[in-house]
Participant: 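Structure provided below as structure tokens; questions to follow.
Positions are given from 1 along the sequence.
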Amino acid sequence: MNTENLKYLESLYKQYNTTVKILISEVEVSYEEFPASIFNEIRAFNDHIARCYLDDFIENKIKDELERAESHLKRIIFDCFKYLN
């Protein structure tokens, strides 16, 4: 993975750690369960990132996968807001 993509990945994980985890914990406290829709988005987020590490994956496709992962990260945030609203 090139430097630009590594920085992009780092920013995604930073957003996950500083925003998403906090929102998810608030949802869990409010509902006393983990909503399936959020779990699904987390799975999809990680699936796109995991694809970047396949041995036969083409370098120029990595950015596409990271962008798709970012869209799932946004959906997690929107879902959390929906539950908390």
Participant: Are Pro35 and Tyr83 close enough that some pair of their side-chain heavy atoms sits under 4.5 Å apart?
Facilitator: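 Yes; the side chains approach each other to less than 4.5 Å.
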Participant: Are Leu23 and Tyr31 linked, directly or through intermediate hydrophobic residues, by side-chain heavy-atom contacts shorter than 4.5 Å (ILVMFWY only)?
Facilitator: yes
Participant: Taking atom CG of Leu9 and atom CE of Met1, what is their separation to the nearest 0.5 Å?
Facilitator: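 Reported to 0.5 Å precision, the distance equals 5.5 Å.
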Participant: Please check: side-chain N/O of Asn46 versus main-chain N/O of Ile42, any donor-acceptor pairing under 3.5 Å?
Facilitator: yes
Participant: Hydrophobic clusters here meaning ILVMFWY residues chained together by side-chain heavy-atom distances under 4.5 Å, can you tell me if Tyr53 and Ile58 are in one?
Facilitator: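 Cluster IDs for Tyr53 and Ile58 differ.
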Participant: Would you mind checking if Lys7 and Glu4 are paired as a salt bridge, meaning a charged N to carboxylate O distance below 4.0 Å?
Facilitator: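 Lys7 and Glu4: not salt-bridged.
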Participant: Side chain to side chain contact (heavy atoms under 4.5 Å, CB included) with Asp47: which residues, sequence neighbours excluded?
Facilitator: Arg51
Participant: Kindly write out the residues that satisfy side-chain hydrogen bond (donor to acceptor under 3.5 Å, both in side chains) with Lys21, not counting sequence neighbours, or none if the list is empty.
Facilitator: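 Only Asn17 meet the side-chain hydrogen bond (donor to acceptor under 3.5 Å, both in side chains) criterion with Lys21.
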Participant: Taking the six-membered ring for Trp, are His48 and His72 parallel (under 30°), tilted (30 to 60°) or perpendicular (over 60°)?
Facilitator: parallel
Participant: Work out which heavy atom in Leu12 is nearest to a heavy atom in Leu73; give both atom names and the distance.
Facilitator: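 Heavy atoms only, the tightest pair is O-CD2, 3.6 Å.
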Participant: Flag the pair Ile24 / Cys80 as yes when at least one side-chain heavy-atom distance between them is below 4.5 Å, and no otherwise.
Facilitator: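 Yes, at least one pair of side-chain atoms sits under 4.5 Å.
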Participant: Heavy-atom count check: over 12 atoms from other residues, nucleotides or ligands less than 6.0 Å from Phe34 CZ?
Facilitator: yes
Participant: Working to the nearest 0.5 Å, report the span between OG of Ser30 and CG of Leu84.
Facilitator: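 The OG atom of Ser30 sits 5.5 Å away from the CG atom of Leu84.
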Participant: Taking the side chain as every heavy atom from C-beta outward, state whether Lys74 and Glu70 have any atom pair closer than 4.5 Å.
Facilitator: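 Yes; the side chains approach each other to less than 4.5 Å.
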Participant: Is it the case that over 12 heavy atoms from other parts of the model lie below 6.0 angstrom from the CD atom of Glu33?
Facilitator: yes
Participant: Please find the pair of heavy atoms, one from Glu41 and one from Asp79, that lie closest to each other, and give the distance.
Facilitator: CG-OD2, 3.9 Å
Participant: Rounded at 0.5 Å granularity, tell me how far CD1 in Ile76 sits from OG1 in Thr19.
Facilitator: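 Going from the CD1 atom of Ile76 to the OG1 atom of Thr19 covers 11.0 Å.
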Participant: Parallel, tilted or perpendicular: which fits the ring planes of Phe45 and Tyr16, with parallel below 30° and perpendicular above 60°?
Facilitator: parallel
Participant: Decide yes or no for Asn2 and Ile62: does some side-chain heavy atom of the first lie under 4.5 Å from some side-chain heavy atom of the second?
Facilitator: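 The answer is no; the side chains never approach within 4.5 Å.
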